[in-house]
Every structure is written in C-alpha cells, then in structure tokens.
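Remarks on the structure that follows.
None of the values given here were measured: they were computed from a predicted structure. Just so it is clear: chains get the letters A, B, ... in the order the sequence lines come, proteins before strands, and each one is counted from 1. We use all heavy atoms of the structure for the numbers below, so side chains are in, but hydrogens, waters and symmetry mates are not.
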Amino acid sequence: MITALRYLFFLFIVRPVILFVIGLNVRRIANLPTEGPAVVVANHNSHLDTFVLMTLFGMQRLKDVHPVAAADHFLRNPVMAWFSQHIVGIIPLEREVKGMRTDPLAGICNALRENQILIIFPEGTRGKPEVREEFKTGIAHVAKRFPEVPFTPVFLHGLGKSLPKGEGILVPFFCDVFIGRSVRWTGKRETFMHELCEEMSALENEKPIPNWT
Amino acid sequence: MFGLFDHLSHQIHLTFIGVAVLLGIAEAALLARRRRVPERDDSELAQRIRTWWVIVISFAILFGVSRTTAIVFFALVSFLALKEFLSMVPTRRVDHRVLFWAYLAIPLQYVWVGSEWYGMFIIFIPVYMFILLPTRMVMIGETSGFLRAVGSLQWGLMTTVYSLSHGAMLLSIQPPVNPRVAPIWPAGSSQESGGAALLVFLILLTQFNDVAQYCWGRALGETKIVPKVSPNKTVVGMLGGVCSTTVLAAAIGPWLTFMDLLRSITAGLIIGVFGFAGDLSVSALKRDLGVKDCGYTLPGHGGVLDRVDSLTFTAPLFFHFVYYFYG
C-alpha cells in the first residue's frame with residue numbers, strides 16, 4: 001500500500017514537475033550507475049536536488065534509490081518523518097555525532113549491503129543558493145568500508161534558482177545536470193576526497209555559469 | 001477521422017498532407033545523399049528532420065482536436081520559451097516572486113484568448129503586467145540592476161507570451177458584416193475554419209521562410225548582411241527567402257484562406273522580412289549572452305525559442321494586418 005503511494009507520488013507529482021515544469025538537460029546519462037550498490041554524490045542547493053536525481057533513475061529503479069538525509073531536519077515531526085521515510089524513502093543520518101554510542105553510518109552501510117543506490121550530498125546542507133560549499137569527509141568513511149562501490153559525482157545547476165532554501169514558491173528554470181566518471185576508494189581519505197572534489201570541479205566548470213546575484 | 005480535423009476545411013487537411021510529403025521528400029533526399037557520400041556527417045540534419053516530424057505531428061494533433069487544445073498548444077510553447085528565456089538571461093535572486101508573477105501571465109493571457117476577450121488580450125501584458133511587475137519589484141526594494149532586470153523581463157514576456165499568443169488569437173478572427181475588404185471564402189470552407197486557415201498560413205509561411213532563408217544562404221550568396229549578429233546570413237539568402245515566401249503566399253493564400261491575392265502577397269512579404277528580423281533579434285540576444293542555443297528541448301534545432309524566434313515577430317504583425325482588413 002505504502003509502496004503504491006510512493007510510486008504514485010513519483011509518477012504523478014515528482015516526474016511531471018521535474019521533467020515538465022523544471023525541465024532537465026542531462027549530460028552523459030550513461031555514466032549513471034545502473035545497479036546497486038552505488039553512491040551518487042551531488043552538490044546541494046534545493047530540496048529539488050533529491051527529486052531530480054531520483055527522476056534520473058526512472059520508475060523501474062525507484063525501489064532501489066534512497067537519498068541520505070539529515071535526521072534532525074527530516075524527522076523533526078511525525079508527519080514529516082513518515083513522508084520522508086516511506087514516500088521519499090530517505091535513509092536518515094544524524095549530522096551531530098558527538099557522544100553517540102551507536103554507529104552513525106549503520107543505515108547507509110545496511111542499504112549498500114542490500115545493493116541499494118544511495119544519494120549523498122556531502123556539503124551536508126543546501127546553504128546559500130547556487131554556491132557550492134566544501135565537501136564534508138564523512139563520505140570517505142563510507143568509501144573506506146565499501147572499497148568496491150562506485151561514487152558517481154553529479155553537478156546540478158539551476159535548482160537553487162527554482163526553489164532556494166527558505167523559499168516556498170517554485171519558479172521554473174531549466175536545470176543542467178552534469179554526470180561525471182565514478183570514483184572508488186583510493187586507500188587514503190585525502191586522495192579519495194581530492195579525486196572526488198577534482199571531478200566535481202571539472203563538472204562545475206563545464207559550462208560557464210554567470211554569477212547569480 | 002475519429003472526429004479529429006472534422007471542424008477544419010478541406011484545404012487545411014491538404015496543407016498538412018503537403019507538409020508531410022515535403023518532410024518525406026527531405027528525408028528521402030537525405031537517405032539518397034547518404035548512399036552517394038556515406039562519409040559525410042549529416043547527423044545534425046537527420047536529427048533536425050526527425051524533430052520536424054515531432055513538431056508537425058504534435059501540432060497537427062492538438063490543432064486537429066479542437067480550438068481549445070490548439071490554444072493549449074500555444075500556451076505550452078509560450079511556457080517553454082519563457083522558461084528558456086529566463087534560464088538564459090541573468091536574473092536577480094531577489095526577484096524570485098516577481099518571476100513567479102511573470103509566469104502567471106501565461107495562463108491568464110491564454111484565458112483571454114480562449115474567451116475571445118480582445119480588449120483584455122491586447123492590453124494585459126503591455127499595460128497591466130508592464131505596471132504590475134515593476135510594482136512588485138519596488139516592493140522588494142533592491143535598486144541595483146533594477147532597469148536591467150525589469151527590462152529583460154518585459155522583453156521576455158512580450159516576445160514569448162504576448163507575441164506568440166497572437167498566433168492563437170487568429171483562431172478567433174471572424175469577418176464582421178461590413179469589413180474593410182470583403183473576404184473571399186475558399187470553396188467548401190466554413191466560417192468556423194476561417195481563423196484556423198489563417199493560423200496554418202502564418203505558421204507554414206514563417207517556418208518555410210526560415211528554411212528558405214537557410215537554403216538560399218547555403219546555396220548562393222557571399223555578401224554577409226549583418227556579419228556581427230549572424231555570420232551565416234547573406235544578402236542573397238535574405239532576398240531569396242523573402243521572394244520564395246512571397247511566391248508561396250501568393251500560391252496558397254487565396255486557396256487556403258479568405259484573403260485575396262493582393263492581401264496574400266503583402267502578408268507573404270511581411271512574414272518574409274520580419275521573420276528574418278525576428279530570427280536575427282534572438283540571434284543578437286544569444287550573441288550578447290554568449291550562448292549558442294536557447295535550450296535543448298528540440299534536438300537539431302536547439303531550444304523552443306530558437307524555433308519560434310521568427311514567429312515572435314510575424315505573429316503579431318500578421319494578426320494586425322488581417323485584423324485591419326477583415327477584423
């Protein structure tokens with residue numbers, strides 16, 4: 001029943017909004033992983049980011065695709081928590097890990113063991129619209145535990161204009177999606193993060209984007 | 001055919017068939033050349049012809065179902081074109097809500113078209129939106145870049161929504177009892193299909209003009225007409241295009257629409273010259289912003305705005321030309 005609701009939500013609300021109201025211009029769709037376990041790493045500007053990435057995977061793979069999202073934000077009230085976990089299908093992640101006894105990455109690890117495709121925003125927040133912030137290194141811990149899993153970088157442009165943080169009204173702008181080559185665990189945190197960030201910067205610089213003021 | 005096209009005249013049916021035959025010929029010519037010179041890369045041309053099929057078929061279906069679906073088709077084109085425009089030009093972050101109001105103008109403008117409320121249709125964007133948008137902007141209070149922001153937004157709304165909606169408004173043209181020029185109704189056509197025939201005439205000639213300008217320019221012509229705006233446009237291309245368009249207008253105008261030969265030729269000239277100007281003005285805009293295409297919606301053509309650029313000039317001009325004599 002809930003699975004059916006999830007499918008209906010994506011088929012009749014998410015996909016029409018993303019594909020028609022917004023409109024995607026995707027470069028190199030073939031670089032996207034076709035099956036799990038896999039991780040998609042993207043920059044984060046808007047709540048729409050998640051839905052755009054999930055749309056890219058199509059309806060067939062919807063059951064395997066799960067965004068990793070901040071527990072403190074998305075589980076803050078019961079309605080939001082139900083919607084986030086059952087309809088969107090998020091894997092909640094505690095952003096504040098000080099003094100925690102359990103493994104904060106347990107949810108992510110379980111999902112990868114079950115061959116799921118995860119969406120991770122290493123910036124950790126949407127932040128200022130259309131400004132990319134430094135990646136947090138938590139993602140390296142995941143890569144270290146799963147050295148075989150591919151991390152595919154995706155750069156999104158335009159969604160921060162459509163629905164920036166703190167705005168409730170969606171204004172349509174075309175969204176550019178640049179999909180890069182996947183990166184695997186290199187054996188060291190620094191080199192892994194460096195490689196991932198380099199790939200991301202290359203995607204960001206692919207199209208000249210005027211400063212949005 | 002399943003109730004489709006029944007409300008349209010026989011001449012309109014034949015025009016659609018003619019367009020399909022022309023596309024078929026283009027397709028066949030491409031295949032023949034491929035066999036003759038297989039090493040030549042023609043993927044872009046092949047893609048462009050394929051996209052032409054998609055455009056013609058989707059237009060034919062929505063146009064064939066009813067007047068309402070034809071208007072919805074125009075509203076969708078306006079939406080895609082305005083979205084391309086706003087994604088391309090620099091906008092200000094503070095104007096988020098203003099842009100939302102600008103988008104709302106699309107459904108409203110087409111409601112005026114659908115309800116045949118001419119008075120509102122003709123002033124809604126140039127008067128009411130013209131005043132509402134800067135009013136909303138000054139309420140936000142950001143003065144830096146104000147003129148550029150409000151100017152680009154008005155230009156975008158005028159071209160992609162106001163101008164294009166004139167195409168849909170042609171559907172409502174019905175000659176009154178005593179028009180300036182008496183309409184000469186083509187054989188077998190009804191009052192109802194008169195406006196539809198004018199719309200088919202406008203779109204066919206505008207798109208034909210684009211193709212003719214391109215072909216003449218490729219075949220002959222060296223002297224560039226406006227090299228700074230578009231290096232591919234030549235004097236011969238322009239003149240050849242206008243002449244071809246005028247000849248086609250003279251040939252099909254009196255047969256397809258209720259216009260006489262003189263009015264058909266004049267309409268052909270207007271569409272030829274100003275289709276060219278509309279095309280160039282979008283080219284100048286793209287060059288100013290440093291982009292090649294307005295979008296990616298139509299493979300081989302670029303964006304929707306790249307396809308309807310000439311129509312943004314020809315639609316209002318042709319509408320008012322017809323409206324003066326027969327409205």
Side-chain angles (χ1 to χ4, degrees), chain A residues 15-30 43-49 52 55-56 126-133 155-179 203-213, chain B residues 58 72-73 75-107 133 136 140 142-146 148-149 152-153 156-157 160-161 286 288-299 302-306:
Chain A
R15 291 181 73 83
V17 169
I18 298 299
L19 295 175
F20 178 70
V21 178
I22 302 273
L24 303 182
N25 173 28
V26 187
R27 271 82 153 189
R28 297 177 299 274
I29 188 82
N43 59 325
H44 202 17
N45 282 311
S46 164
H47 283 319
L48 295 169
D49 294 333
V52 165
T55 299
L56 291 179
R126 287 169 290 162
K128 286 206 189 91
E130 300 298 294
V131 175
R132 188 153 73 87
E133 280 158 56
F155 181 74
L156 303 164
H157 165 68
L159 298 169
K161 289 159 82 175
S162 287
L163 190 69
K165 190 176 185 175
E167 258 300 343
I169 291 181
L170 190 156
V171 172
F173 286 99
F174 276 96
C175 167
D176 286 300
V177 183
F178 302 89
I179 307 177
L203 296 175
E204 187 175 13
N205 295 326
E206 204 166 302
K207 180 184 167 183
I209 295 168
N211 241 353
W212 195 50
T213 52
Chain B
S58 47
V72 168
F73 179 88
L76 293 179
V77 171
S78 281
F79 171 66
L80 291 173
L82 181 63
K83 187 166 59 161
E84 276 172 8
F85 179 84
L86 292 176
S87 303
M88 190 167 60
V89 303
T91 53
R92 303 187 303 173
R93 193 180 307 169
V94 288
D95 292 335
H96 193 79
R97 299 286 170 106
V98 184
L99 300 183
F100 180 75
W101 287 107
Y103 274 108
L104 275 190
I106 299 172
L133 294 175
R136 187 68 188 85
I140 296 164
E142 177 62 57
T143 52
S144 163
F146 177 82
R148 196 188 66 179
S152 345
L153 189 55
L157 263 190
T160 62
V161 185
K286 289 189 285 196
D288 185 16
L289 296 170
V291 298
K292 190 180 160 285
D293 289 323
C294 298
Y296 309 87
T297 316
L298 304 173
V304 170
L305 192 51
D306 294 303

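- Although no hydrogens or angles enter the test, the distance criterion places a donor-acceptor pair under 3.5 Å between the side chain of K83(B) and the main chain of I22(A).
- Between F100(B) and V171(A), the shortest heavy-atom distance links the atoms CB-CG2, 3.8 Å.
- Put simply, the side chain of P164(A) reaches to within 4.5 Å of the side chain of H96(B), judged on heavy atoms.
- Both the backbone and the side chain of E84(B) come within contact range of chain A, each with at least one heavy atom under 4.5 Å from a heavy atom of that chain.
- The two atoms that bring P172(A) and Y103(B) nearest to each other are O-OH, 2.6 Å, heavy atoms only.
- Residue-environment remark: NZ (K128(A)) stays at or below the threshold of 12 foreign heavy atoms within 6.0 Å.
- Looking at L82(B), there are no atoms closer than 4.5 Å to chain A (heavy atoms on both sides), in backbone or side chain.
- Within residues 289-297 of chain B, the residues having any heavy atom under 4.5 Å from a heavy atom of chain A are, by residue number, Y296(B), T297(B).
- Across every non-hydrogen atom of F173(A) and L86(B), the tightest pair is CE2-O, 3.4 Å.
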